[in-house]
Amino acid sequence: MPDLGKYKLTFSDEFDARSISQNGIGTTWADIRSQWRYDANSDIGFGHSSFVDPASGYDPFKVADGVLSITAVPDKTASGYAGSWESGLISSKNSFSQTYGYFEIRADFSTAKGAWNAFWLLPVNAASNPNNLSGWQELDVVEQYGANVKGVYSTIHTTDQTPTIPWQVNRQVYSEVKNPGGYHTYGMDWQADKISFYVDGNFVGSQATPSDMHGPMYLVANLATQGSGNNNADALSVPITSKIDYIRAYAKIPDAVQVTPSTNKSGSTPTTATQPTSSDGTKVVPAVEAPKTVTLYNAKGVLASVQVTSADGTVNTSTYTEVGGKAVLATQAIKYAPGGAEASNTKVYATASGQPVLTSETRVHADKSKDVYLTNITGKSYVAERDSYNAAGTLTNLSRTHADGTLDYSYTVASNGTVTADQYDAAGLLKSHAVIASNGMSDTSTYAIVGGKAVLATQAVKYAPGGAEASNTKVYATASGQSVLTSETQVHADKSKDVYLTNITGKSYVAERDSYNAAGALIGAIRTQANGTVDYRYSLALNGTVTADQYDAAGLLKSHAVTTSNGMSDTSTYAIVGGKAVLATLAIKYAPGGAEASNTKVYATASGQPVLTSETRVHADKSKDVYLTNITGKSYVAERDSYNAAGALTNLSRTHADGTLDYSYTVASNGTVTADQYDAAGLLKSHAVIASNGMSDTSTYAIVGGKAVLATQAVKYAPGGAEASNTKVYATASGQSVLASETQVHADKSKDVYLTNITGKSYVAERDSYNAAGKLMSADQTSTDGSHVQTAYQTGVVLVSTATVTDSFKGSGGDTFVFSANFGKDSITNFIAGAGTNHDTILIDRTDLHSFAELKASHMSALGNDTLITVSPSDSILLKNVNIGSLSTENFRFDDHGLFHI
């Protein structure tokens with residue numbers, strides 16, 4: 001330690017008595033720093049502790065046996081900030097300060113985890129700070145931490161920094177005590193040229209005196225706590241106590257006043273510290289109000305914060321963050337003395353590459369208005385922002401800028417309350433512009449960037465409440481680098497609106513106006529073409545009736561539709577003929593609940609006029625009638641078709657120009673279809689009836705002398721019966737129909753063909769029978785005298801005698817010849833007698849003869865080569881070229897009249 005024989009004792013508190021008060025007036029020490037008062041009875045402290053006065057309800061100080069004990073306890077009273085430990089600090093700011101000298105404390109510092117012991121000096125007047133705003137003046141004689149009980153940190157805090165040498169590294173002296181715990185002395189010899197540090201009287205290091213360390217400084221001693229890292233008081237949460245035996249100050253100046261320390265440790269009257277004076281009676285140290293500095297370190301001894309309070313009340317607080325063992329500026333807050341134009345200035349820094357980077361600065365003015373500057377912004381489209389607030393805290397101006405200095409966004413509030421906001425793109429080109437008046441009216445425009453130029457894209461005006469209009473919105477497209485209006489929407493106060501569409505491309509129209517009522521329903525629309533003519537028109541009446549008109553490119557009406565609220569509609573379409581709109585269709589859809597569903601008319605055009613060609617009437621039950629008129633190229637000019645609800649045709653009639661029928665078709669309720677065809681004069685040409693079971697009856701007519709005469713009649717029988725069809729063909733004689741032929745087709749496909757009214761032949765009628773294979777089985781020709789010639793063309797044919805007339809038969813073998821009563825005088829050629837194969841058989845009525853024996857005995861006689869069988873005087877059978885002897889009983893059968901079994 002220095003040779004104190006060359007020094008005079010200028011201050012000494014041996015702590016034989018307690019001399020501590022809140023403000024230090026009238027006492028040696030103050031326990032609350034006025035510039036750091038937290039509440040009525042506490043100092044905000046630092047680390048993890050608040051410094052409290054006994055009036056808080058907890059007294060951290062105890063003086064006994066010449067020792068000042070300071071004890072820190074976990075949060076005990078309502079004073080101090082919540083959760084902090086409550087401990088004690090003593091300051092000689094209002095009782096003693098000195099420039100240069102030797103300063104020493106003898107203390108038994110706590111070695112408990114969380115303890116932060118300190119003895120330090122602060123300047124009465126902080127020196128100017130031209131080099132580095134983050135520095136301040138402070139001399140730490142000793143800082144000792146419970147986490148490092150051997151370590152002694154002696155530090156010079158200064159604004160006089162070498163730009164390339166961080167002060168925190170090069171102006172700190174670190175030493176260690178061999179035996180932690182117990183009393184040790186810690187001293188500092190501060191002179192104009194050098195500052196030296198001592199531990200237990202041993203020199204541990206020195207530094208050159210900085211240029212800002214040449215003014216008076218006062219004494220501070222305290223026990224603080226830390227609450228994080230490896231020096232966390234909360235880890236144990238038990239009281240921590242440090243003890244101070246004395247604090248002394250010495251001056252090397254020749255005329256310093258000597259102070260004699262008391263050696264009485266029994267609590268006698270204490271020695272009062274005095275101000276040293278010069279030989280001419282002036283004080284060595286000015287008695288002005290001194291600046292107050294508070295310095296905090298983290299558990300590693302790295303600077304955490306510095307607070308400097310100037311004599312005028314200005315408070316400058318800086319906080320630091322530890323980066324790689326180095327303190328890097330994190331915040332700087334200046335609270336200016338009352339009465340000036342500014343109230344405060346707060347800066348916030350981020351850390352980049354170990355250096356502080358300013359991110360925000362808030363300047364609060366005396367009238368409570370403020371400006372906030374945000375800088376070095378990342379992750380946004382802008383890098384800087386300035387926000388201005390008035391005294392009421394309302395944002396009045398805001399501007400954001402890009403890295404190249406161009407605007408990104410601006411916002412202003414005029415004195416009349418009008419707000420203007422502009423948004424820009426990355427190149428600084430305007431994207432949107434909004435003006436909002438205090439009455440609620442707003443005008444907002446957006447811009448598209450085209451060719452490096454901002455071109456108007458939209459403009460939306462919202463009107464102030466209470467007026468006739470609510471808003472007006474315009475939308476623009478871009479053409480040749482210019483804005484072209486494409487739509488405008490005017491919303492009225494009653495919520496109705498008009499929408500104007502302009503410069504429309506790719507459509508048949510170039511402009512449109514749509515009107516909506518307050519409920520949002522479209523009530524009117526009109527589209528116009530480039531030549532100004534109407535393209536489309538729509539209207540909705542108050543009664544709900546909708547009218548819609550469509551026009552062609554020349555403005556001529558193409559369609560007209562009217563729809564009423566009850567669902568009825570009337571739609572007309574038009575064909576453009578010779579520059580004139582001519583009716584083409586007319587469609588009426590009736591309201592639900594009536595007898596009719598719809599009526600649709602279709603028109604052709606003739607000589608520029610509409611000509612009705614069809615009319616379709618759909619009824620409520622879905623049945624319909626279709627009327628075709630003015631038909632050309634057909635035998636008829638009009639037609640009516642009727643369909644039932646299932647869509648099936650039930651009636652059809654076609655008429656000629658003179659009104660006579662051309663064709664008729666009906667379907668009865670039982671499914672029977674009747675179809676009639678007429679000639680040009682309306683005379684019946686054909687008549688067909690088709691039953692639902694498949695049976696049909698079709699007649700055709702020949703027109704003879706202006707009269708319809710039956711020509712054919714074809715009946716097709718229903719499946720399952722004995723007959724398949726019957727077809728009759730008629731000739732005409734004297735204007736009357738005369739049957740010429742009749743063909744009966746049986747179910748087995750065999751048939752009988754009857755030819756009648758034959759002329760130019762030896763016979764006048766003929767019957768031909770065919771089997772199912774279509775082979776002619778037999779023929780029966782009737783001569784003019786009534787006699788018959790019957791011929792069998794196949795074996796096994798049955799030939800029946802005609803009553804009362806002469807029949808000539810010709811067989812083919814295996815045939816049966818049937819003779820009933822009164823059959824006349826007949827003959828048979830090619831009769832095969834006997835019982836051989838393919839013999840023929842004669843079937844005779846039993847009423848005439850009963851057996852072959854009777855027949856042979858009395859009714860059979862030879863006539864030349866023939867055999868004559870006489871049944872009665874008028875009935876006989878001549879078997880040509882057959883002798884009686886060849887006949888046998890197998891050639892005859894006898895059955896009851898009417899019961900022949902052929």
Side-chain angles (χ1 to χ4, degrees), residues 18-63 68-95 114-118 120 122 218-228 232-234 237 239-242 289-297 304-319 331-339 343-344 346 362 364 368:
R18 176 169 174 158
S19 183
I20 305 171
S21 63
Q22 278 200 16
N23 55 23
I25 298 175
T27 58
T28 303
W29 306 101
D31 61 13
I32 292 179
R33 300 167 294 169
S34 60
Q35 72 274 31
W36 293 107
R37 181 180 292 275
Y38 182 74
D39 53 36
N41 299 304
S42 71
D43 179 309
I44 194 170
F46 41 80
H48 189 40
S49 53
S50 301
F51 299 131
V52 297
D53 181 82
S56 67
Y58 172 66
D59 185 0
F61 306 110
K62 178 181 179 182
V63 175
L68 171 64
S69 297
I70 305 176
T71 299
V73 295
D75 197 359
K76 191 176 184 70
T77 72
S79 293
Y81 67 89
S84 66
W85 283 53
E86 295 174 4
S87 188
L89 170 146
I90 55 176
S91 165
S92 71
K93 177 180 177 182
N94 293 326
S95 64
W116 182 6
N117 305 280
W120 41 304
L122 290 174
Y218 60 91
L219 311 175
V220 182
N222 64 267
L223 169 60
T225 60
Q226 292 184 313
S228 62
N232 188 350
D234 290 337
S237 295
I240 299 172
T241 300
S242 288
E289 177 70 18
K292 303 173 182 63
T293 301
V294 177
T295 305
L296 302 178
Y297 301 88
S305 66
V306 175
Q307 185 180 75
V308 178
T309 305
S310 301
D312 64 356
T314 297
V315 178
N316 189 333
T317 303
S318 299
T319 66
T331 65
Q332 185 177 21
I334 300 175
K335 183 178 180 182
Y336 297 101
S344 65
T346 302
T362 302
V364 180
K368 296 186 179 179

Does [Y] offer a backbone N or O that forms a donor-acceptor pair with the side chain of [X] under 3.5 Å?
{"X": "Asp31", "Y": "Gly88", "answer": "no"}
{"X": "Glu86", "Y": "Lys76", "answer": "yes"}
{"X": "Ser87", "Y": "Leu223", "answer": "yes"}
{"X": "Ser50", "Y": "Tyr81", "answer": "yes"}
{"X": "Thr319", "Y": "Thr331", "answer": "yes"}

- [ ] Can you measure from CD1 (Ile44) to OG (Ser49) and round to the nearest 0.5 angstrom?
- [x] 10.5 Å
- [ ] Measure the CD-CG distance between Gln22 and Asn41 for me, rounded to the nearest 0.5 Å.
- [x] 5.0 Å
If every non-hydrogen atom of [X] is compared with every non-hydrogen atom of [Y], which pair is closest and at what distance?
{"X": "Asp39", "Y": "Ser42", "value": "OD1-OG, 2.6 Å"}
{"X": "Gly80", "Y": "Ser84", "value": "C-OG, 4.4 Å"}
{"X": "Thr71", "Y": "Pro239", "value": "CG2-CB, 4.0 Å"}
{"X": "Phe51", "Y": "Ala224", "value": "CZ-CB, 4.0 Å"}

- [ ] Determine whether the side chains of Thr346 and Thr362 contain a donor N or O and an acceptor N or O closer than 3.5 Å.
- [x] no
Open item on the list: Please tell me whether Ser19 and Thr28 have a donor and an acceptor in their side chains that are separated by less than 3.5 angstrom.
Closed with: yes
TODO: For side-chain contact (heavy atoms from CB on, under 4.5 Å), just list the numbers for Tyr58 and Asp75, CA-CA rounded to whole Å, side-chain angles, deciding distance to a tenth of an Å, and then say yes or no.
DONE: CA-CA 10 Å; Tyr58 172 66; Asp75 197 359; over 6 Å; no
TODO: Can you spot which of Thr225, Asp234, Asn232 makes a side chain to side chain donor-acceptor pair (under 3.5 Å) with His48?
DONE: Asp234
- [ ] In sequence, state the C-alpha distance, the side-chain angles, and the governing distance for Asn316 and Ile334, and then conclude on side-chain contact (heavy atoms from CB on, under 4.5 Å).
- [x] CA-CA 4 Å; Asn316 189 333; Ile334 300 175; 3.7 Å; yes
[Y] side chain reached by [X] side chain, heavy atoms, under 4.5 Å:
{"X": "Ile32", "Y": "Asp43", "answer": "yes"}
{"X": "Tyr218", "Y": "Asn94", "answer": "no"}
{"X": "Asn222", "Y": "Ile70", "answer": "no"}
{"X": "Ser69", "Y": "Phe61", "answer": "no"}

Open item on the list: Exactly one of Asp53, Asp59, Val52 should register a side-chain contact (heavy atoms from CB on, under 4.5 Å) with Ser56. Which one does?
Closed with: Val52
Task: Test side-chain contact (heavy atoms from CB on, under 4.5 Å) applied to Val364 and Tyr336, step by step - done: CA-CA 10 Å; Val364 180; Tyr336 297 101; over 6 Å; no
